[in-house]
Amino acid sequence: MEKPDAQSFSYSLSLDKNGFIPLYYQIQQALIEKIQAGELAVGDCLPSEFELARSYQVSRMTARQALHNLKSRGYALSQKGRGTYVTRPKLEKNIMHLRGFTEDMKRRGMMPSSRLLAQTVLLAKGVLTEQLRVEEGSAVLQLRRLRIADGTPMALEESHIPLKHYPGLERTDFSSESLYKVLRDKYGVRAAWADEVLEASPATREESELLSIPKNAIMLSISRVIMTTAEIPIEVACSRYCGHRYRASIRVPTTTIE
Ligand code: 16G
C-alpha cells in the first residue's frame with residue numbers, strides 16, 4: 001500500500017464544532033488513529049500547525065495544542081529543519097520492577113541488543129566505595145552500553161559492579177550478554193530491592209549523537225543502587241532514557257491516607 005505524505009494527505013475529517021469535545025482533542029485523536037492504522041508511519045512528517053489550522057478550519061492555537069499533545073504523548077517529535085514527524089509511542093517503564101533491559105524488552109515482544117561502549121576494570125574510590133560498600137582500590141567492573149530495541153537506540157547505561165563478589169564477571173562479553181542473566185545464572189544472585197532517583201535533564205552532545213536525538217532533548221535519568229536480600233550492593237547504575245521514547249510509571253501501595 002502506498003503511504004501518503006503529509007502534503008498529499010487528506011485532513012478533511014469534519015470536526016464536531018458544536019459538541020463538548022475540544023477541537024484540539026478531536027484533531028489529536030484523528031492523527032493518532034492515522035498513526036495507529038499505519039497511514040502515518042514512524043519518520044513520516046506531520047502537517048505543520050499552519051496546514052492543520054487551514055485543513056480543519058481552526059485557529060493556529062488549536063492546531064498547536066493538538067501537535068503539542070501528540071508530542072507529549074510520545075507520538076511525535078519536532079526537530080529544527082525537519083518539522084514535526086511521527087515517532088514510536090512511549091514505552092512505559094514500571095519502576096517498581098527490577099527487571100533488566102533484555103528481559104524487559106523481550107516481554108514487550110521487542111528484540112534487545114547492545115552496543116558496548118566500554119568494559120573496563122576500575123579501582124574503586126570516593127563515593128563509589130560507599131555506594132558499593134567496598135574498600136578503596138577494590139576492583140569494580142565498569143560497563144557503558146547503548147541499549148537498543150528493535151534497532152532503535154533507547155538508552156545509555158553506565159553500571160559499576162563490585163568484582164569482589166563476582167570474580168571473572170569482567171570476562172563476559174557484554175556486547176551480547178545480559179548482565180542480570182549472567183549474575184542470576186552464573187553467580188546465583190537475585191535482586192531484592194533498589195534505591196532509585198529519577199531526574200530529567202537535557203541530552204549531552206555525545207548522547208544526542210549515540211541516541212540519534214536532537215541536542216538538549218529531554219532525557220529521563222534513573223540512577224540506582226540495587227541490592228541482594230543480604231543487603232549487598234549488586235550494581236550502581238545510571239540509565240539515561242530518551243524522554244520521548246520512555247515514561248515511568250509506578251503503582252503506589254496502600255498507605256494511610258492523610
Ligand atoms: C536495566 C537497569 C540497569 C541494568 C540493566 C541490566 C534500570 C533503570 N536499569 O536497564 O541498571 O544494568 O537493566 O540489563 O532498570 P541487562 O540484563 O539486559 O544487561
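Order of appearance sets the numbers: ligands from 1, and atoms from 1 within every ligand. Since the model is a prediction, treat every value here as computed from it, not as a measurement.
Against a heavy-atom cut-off of under 4.0 Å, Ser159 is close to the following atoms of ligand 1: 12 (O). The Ala237 neighbourhood of ligand 1 comprises atoms 11 (O), with distances under 4.0 Å to a heavy atom of that residue. Atoms of ligand 1 lying under 4.0 Å from at least one heavy atom of Ile222, given by number and element, are 8 (C).
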- Task: For the pair Glu177 and Lys181, evaluate salt bridge (Lys or Arg N to Asp or Glu O under 4.0 Å) and give the outcome as yes or no after the intermediate values.
- Result: CA-CA 8 Å; Glu177 294 283 356; Lys181 186 169 188 303; 5.8 Å; no
- Message: Please evaluate residues Glu206 and Arg144 with respect to the criterion salt bridge (Lys or Arg N to Asp or Glu O under 4.0 Å), reporting the C-alpha separation (whole Å), side-chain torsions for both, the decisive distance (0.1 Å), and the verdict.
- Response: CA-CA 13 Å; Glu206 188 205 17; Arg144 284 193 77 226; 3.3 Å; yes
- Task: Show your reasoning for whether side chain to side chain donor-acceptor pair (under 3.5 Å) applies to Gln36 and Tyr75.
- Result: CA-CA 10 Å; Gln36 286 174 342; Tyr75 283 100; 3.3 Å; yes
- Task: Report the C-alpha separation of Ser78 and Lys71 in whole Å, then their side-chain angles, then the decisive distance to 0.1 Å, and conclude whether the side chain to side chain donor-acceptor pair (under 3.5 Å) test is met.
- Result: CA-CA 8 Å; Ser78 290; Lys71 288 188 268 183; 3.0 Å; yes
- Item | Criterion side chain to side chain donor-acceptor pair (under 3.5 Å) on Asp173 and Ser175, from CA distance to verdict | CA-CA 6 Å; Asp173 177 6; Ser175 61; 2.5 Å; yes
- Glu136/Lys125 under salt bridge (Lys or Arg N to Asp or Glu O under 4.0 Å): CA gap, chis, key distance, verdict: CA-CA 5 Å; Glu136 216 37 59; Lys125 60 177 184 185; over 6 Å; no
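For the ligand labelled ligand 1, residue Arg147 lies inside the 4.0 Å heavy-atom shell. Within the structure, the closest approach of His97 to ligand 1 does not fall below 4.0 Å when heavy atoms are considered. Under a 4.0 Å heavy-atom criterion, Met105 is not in contact with ligand 1.
Comparing Lys106, Arg99, Arg145, Lys93 against atom 6 (C) of ligand 1, the shortest heavy-atom distance belongs to Arg145.
Within 6.0 Å of atom CD1 in Ile21, 12 or fewer heavy atoms from other residues, nucleotides or ligands are found, so the atom counts as exposed in its surroundings.
Among all non-hydrogen protein atoms, the one lying nearest atom 9 (N) of ligand 1 is Ser239 OG, 3.0 Å. Annotation: atom 2 (C) of ligand 1 to nearest protein heavy atom, Arg224 NH2, 3.3 Å. The protein heavy-atom contact nearest to atom 18 (O) of ligand 1 is Thr102 OG1, 2.4 Å. Nearest protein heavy-atom contact of atom 8 (C) of ligand 1 is Tyr241 OH, 3.4 Å. The protein non-hydrogen atom at the shortest distance from atom 3 (C) of ligand 1 is Glu157 OE2, 3.6 Å. In terms of protein heavy-atom proximity, atom 13 (O) of ligand 1 is closest to Phe101 N, 3.0 Å. Residue, atom and distance of the protein heavy atom nearest to atom 12 (O) of ligand 1 are Glu235 OE2, 2.5 Å. The nearest protein atom to atom 17 (O) of ligand 1, hydrogens excluded, is given as Ser178 OG, 2.7 Å; this is a heavy-atom distance.
Contact detail for Val58 and Ile27: the closest heavy-atom pair is CG2-CD1, 3.9 Å. When every heavy atom of Leu211 is checked against every heavy atom of Leu146, the shortest pair comes out as CD2-CD1, 3.7 Å.
The shortest N or O to N or O distance between Glu177 and ligand 1 is not below 3.5 Å. At least one N or O atom of Leu179 sits closer than 3.5 Å to an N or O atom of ligand 1.
With rounding to the nearest 0.5 angstrom, the CG atom of Leu198 is 4.5 Å from the CD1 atom of Ile222.
Legend: side-chain hydrogen bond (donor to acceptor under 3.5 Å, both in side chains) pairs involving residues 213-226, not counting sequence neighbours, sorted by first then second residue: Tyr180-Arg224, Glu196-Arg224, Ser221-Arg240.
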